[in-house]
Participant: 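Here's a structure for you.
For the single chain, residues carry numbers from 1 onward in sequence order.
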Amino acid sequence: MLSFLIVEEDVHYFDKLVELMDRLRAPDGCPWDREQTRETLKPMLIEEAYEVLEALDSADPDDLCEELGDLLFQVVFHSRIAKERGEFDAYDVCRRVYQNWEDIKAKEKEAAGRQNSKESLLDGIPEGLPSMYRTYQMTAKASRVGFDWPDLSGLRQKFLEEFHELEEAVAEGEEGQVREEVGDLVFVALNIARYLEVDPETALTGANSKFLQRFQSMERTLKRRGRALKDVSLEEMESVWQGQKTAK
C-alpha cells in the first residue's frame, strides 16, 4: 500500500510539471517560453543531454538527478509543442515508452522459443545513431561471434596500415579516396576504443577538454610575454605547448 502511495505522489509531480509547461506556453504565460519552437529548442536539448553525460562521469548522484530533471523538462517542452500541433502530448510519450517496453518483452519471449529470424547479425542497429556509436555497436556485435582482432597489436598494425593508405591517397591528390581513407582510419580508432571497453564519446570529450585547457594556457603565457598568436611562429607555439604538458 505504501509503494502505491509513493507512485501516486510521483505521478502527481509529473502532472504538476505538465501543468507548469501549459501555463508557460499559455497566451498570458512566459514570453520566452511561448516563442520557442522545435528548431530553437534543438541546441538546448543537445546541451541538456550532454550535461547528463557529464553528470554520469562525475558520479555525483545529486548532479545527475538535477541534469535528468532538466532533460525531462525538455521532453515535456517538446511534448507541449506537439500537443499544440494536434500530434501527441506528454502522456502519450509515457504510454509509448511503456508500450515499447511491453512489445520488447513480448518479442523476447517469442524469440526465446524459436530460431532468430534476422537475416543479419547487424540488423536492428538504429540507422539514426551518430556514426561513432553505430561503429561501436556494429563491431561489438561482430566481436560476439569471434569476428575481432585477437589482441591490441593486431589493431595497432591495422591502424598503421590505414594511415599508410591515407598517406598514399593524399600523395595522389584523390579527394574521394582521402575521405574514404580518413573514414577507415577513424573506424579503426573507434575499434581500439571498443576493444578496450572505452566509451569513445567520453574519451573524446576528455581529449577536447584537455586541448582547450592547454591551448588557452598557451595563449595566456604568450600574452604575458606581450606576444599575439598571429605573430608567433609554430616553433615558439610548440615550445610553449610542450611546456604546458610538462607543467601538468
Side-chain angles (χ1 to χ4, degrees), residues 1-105 124-137 199-217 219-220:
M1 183 66 177
L2 179 59
S3 62
F4 174 78
L5 291 175
I6 293 174
V7 170
E8 286 295 312
E9 181 72 5
D10 292 340
V11 172
H12 173 68
Y13 277 115
F14 184 75
D15 289 342
K16 292 183 76 65
L17 178 59
V18 174
E19 291 171 4
L20 171 62
M21 180 54 63
D22 289 343
R23 291 200 302 273
L24 292 173
R25 292 284 291 185
D28 59 345
C30 173
W32 184 89
D33 289 283
R34 286 175 52 205
E35 70 182 14
Q36 299 310 307
T37 67
R38 284 174 168 171
E39 290 301 315
T40 62
L41 287 175
K42 280 182 180 180
M44 290 174 241
L45 179 61
I46 294 172
E47 179 182 345
E48 297 299 349
Y50 275 102
E51 288 181 359
V52 168
L53 292 176
E54 289 180 1
L56 286 169
D57 291 337
S58 73
D60 183 339
D62 291 334
D63 190 25
L64 178 59
C65 183
E66 180 179 348
E67 297 303 340
L68 284 172
D70 291 343
L71 185 59
L72 176 60
F73 188 79
Q74 287 294 311
V75 172
V76 173
F77 208 145
H78 278 278
S79 299
R80 168 65 194 190
I81 293 175
K83 181 180 179 180
E84 294 167 3
R85 296 162 61 99
E87 298 170 347
F88 58 84
D89 61 20
Y91 298 99
D92 291 322
V93 173
C94 294
R95 281 189 287 270
R96 181 65 62 86
V97 171
Y98 181 78
Q99 186 58 53
N100 286 347
W101 182 83
E102 290 286 322
D103 291 343
I104 289 171
K105 291 302 175 185
I125 299 175
E127 293 185 4
L129 274 180
S131 295
M132 180 181 294
Y133 283 119
R134 190 165 169 78
T135 296
Y136 199 96
Q137 293 294 334
D199 173 51
E201 178 64 27
T202 302
L204 186 56
T205 297
N208 288 342
S209 177
K210 182 167 59 177
F211 179 85
L212 176 66
Q213 292 172 9
R214 288 178 179 172
F215 191 88
Q216 290 178 337
S217 181
E219 286 179 309
R220 289 192 295 270

Participant: Let me check something: any side-chain donor-acceptor pairs from residues 68-84 under 3.5 Å, sequence neighbours excluded? List them with distances.
Facilitator:
from	atom 1	to	atom 2	distance (Å)
Ser79	OG	Val75	O	2.8
Arg80	NE	Glu84	OE2	2.9
Arg80	NH1	Asp22	OD1	2.8
Glu84	OE1	Arg25	NH2	2.7
Glu84	OE2	Arg25	NE	3.0

Participant: Please enumerate all residues that pass side-chain contact (heavy atoms from CB on, under 4.5 Å) together with Thr40, with sequence neighbours excluded.
Facilitator: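 With neighbours one apart ignored, the set is Gln36, Thr37.
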Participant: Supply the atom-to-atom distance Asp63 CG to Leu56 CG, rounded to the nearest 0.5 angstrom.
Facilitator: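 Spacing of CG (Asp63) from CG (Leu56) equals 9.5 Å.
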Participant: Can you check whether Ala55's main-chain N or O pairs, donor with acceptor, with Ser58's side chain at less than 3.5 Å?
Facilitator: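 The answer is yes, because a donor-acceptor pair under 3.5 Å joins these two groups.
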Participant: Please evaluate residues Glu219 and Gln216 with respect to the criterion side-chain contact (heavy atoms from CB on, under 4.5 Å), reporting the C-alpha separation (whole Å), side-chain torsions for both, the decisive distance (0.1 Å), and the verdict.
Facilitator: CA-CA 5 Å; Glu219 286 179 309; Gln216 290 178 337; 3.9 Å; yes
Participant: If you take all heavy atoms of Ala26 and Arg34, which pair is closest and at what distance?
Facilitator: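 The answer is O-CD, 2.9 Å.
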Participant: Which salt bridge (Lys or Arg N to Asp or Glu O under 4.0 Å) pairs, counting each pair once, include a residue from residues 89-99, with sequence neighbours left out?
Facilitator: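 Those involving residues 89-99 are Asp92-Arg95.
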Participant: Which residue pairs satisfy the salt bridge (Lys or Arg N to Asp or Glu O under 4.0 Å) criterion with at least one member in residues 41-55, sequence neighbours excluded?
Facilitator: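 Every pair satisfying salt bridge (Lys or Arg N to Asp or Glu O under 4.0 Å) with a residue in residues 41-55: Glu39-Lys42.
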Participant: Between Ile125 and Tyr136, is any pair of side-chain heavy atoms under 4.5 Å apart?
Facilitator: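 Result no, sub-4.5 Å side-chain heavy-atom pair not found.
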Participant: Holding to side-chain contact (heavy atoms from CB on, under 4.5 Å), I want the full list of residues that pass it with Tyr50, two or more places apart in sequence or in another chain.
Facilitator: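 side-chain contact (heavy atoms from CB on, under 4.5 Å) check on Tyr50 returns Ile46, Leu53, Glu201.
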Participant: Identify, with sequence neighbours excluded, every residue that meets side-chain contact (heavy atoms from CB on, under 4.5 Å) alongside Cys30.
Facilitator: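 side-chain contact (heavy atoms from CB on, under 4.5 Å) check on Cys30 returns Leu24, Trp32, Asp33.
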Participant: Got a sec, which residues hit side chain to side chain donor-acceptor pair (under 3.5 Å) with Arg134, two or more places apart in sequence or on another chain?
Facilitator: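 By the side chain to side chain donor-acceptor pair (under 3.5 Å) rule, Arg134 matches no residue at all.
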Participant: With Glu87, which residues qualify under side chain to side chain donor-acceptor pair (under 3.5 Å), at least two apart?
Facilitator: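 Only Arg38, Arg85 meet the side chain to side chain donor-acceptor pair (under 3.5 Å) criterion with Glu87.
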Participant: Name all residues meeting the side chain to side chain donor-acceptor pair (under 3.5 Å) criterion together with Asp199; count only those two or more places apart in sequence or in a different chain, and write none if there are none.
Facilitator: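 So Asp199 forms a side chain to side chain donor-acceptor pair (under 3.5 Å) with Tyr133, Thr202.
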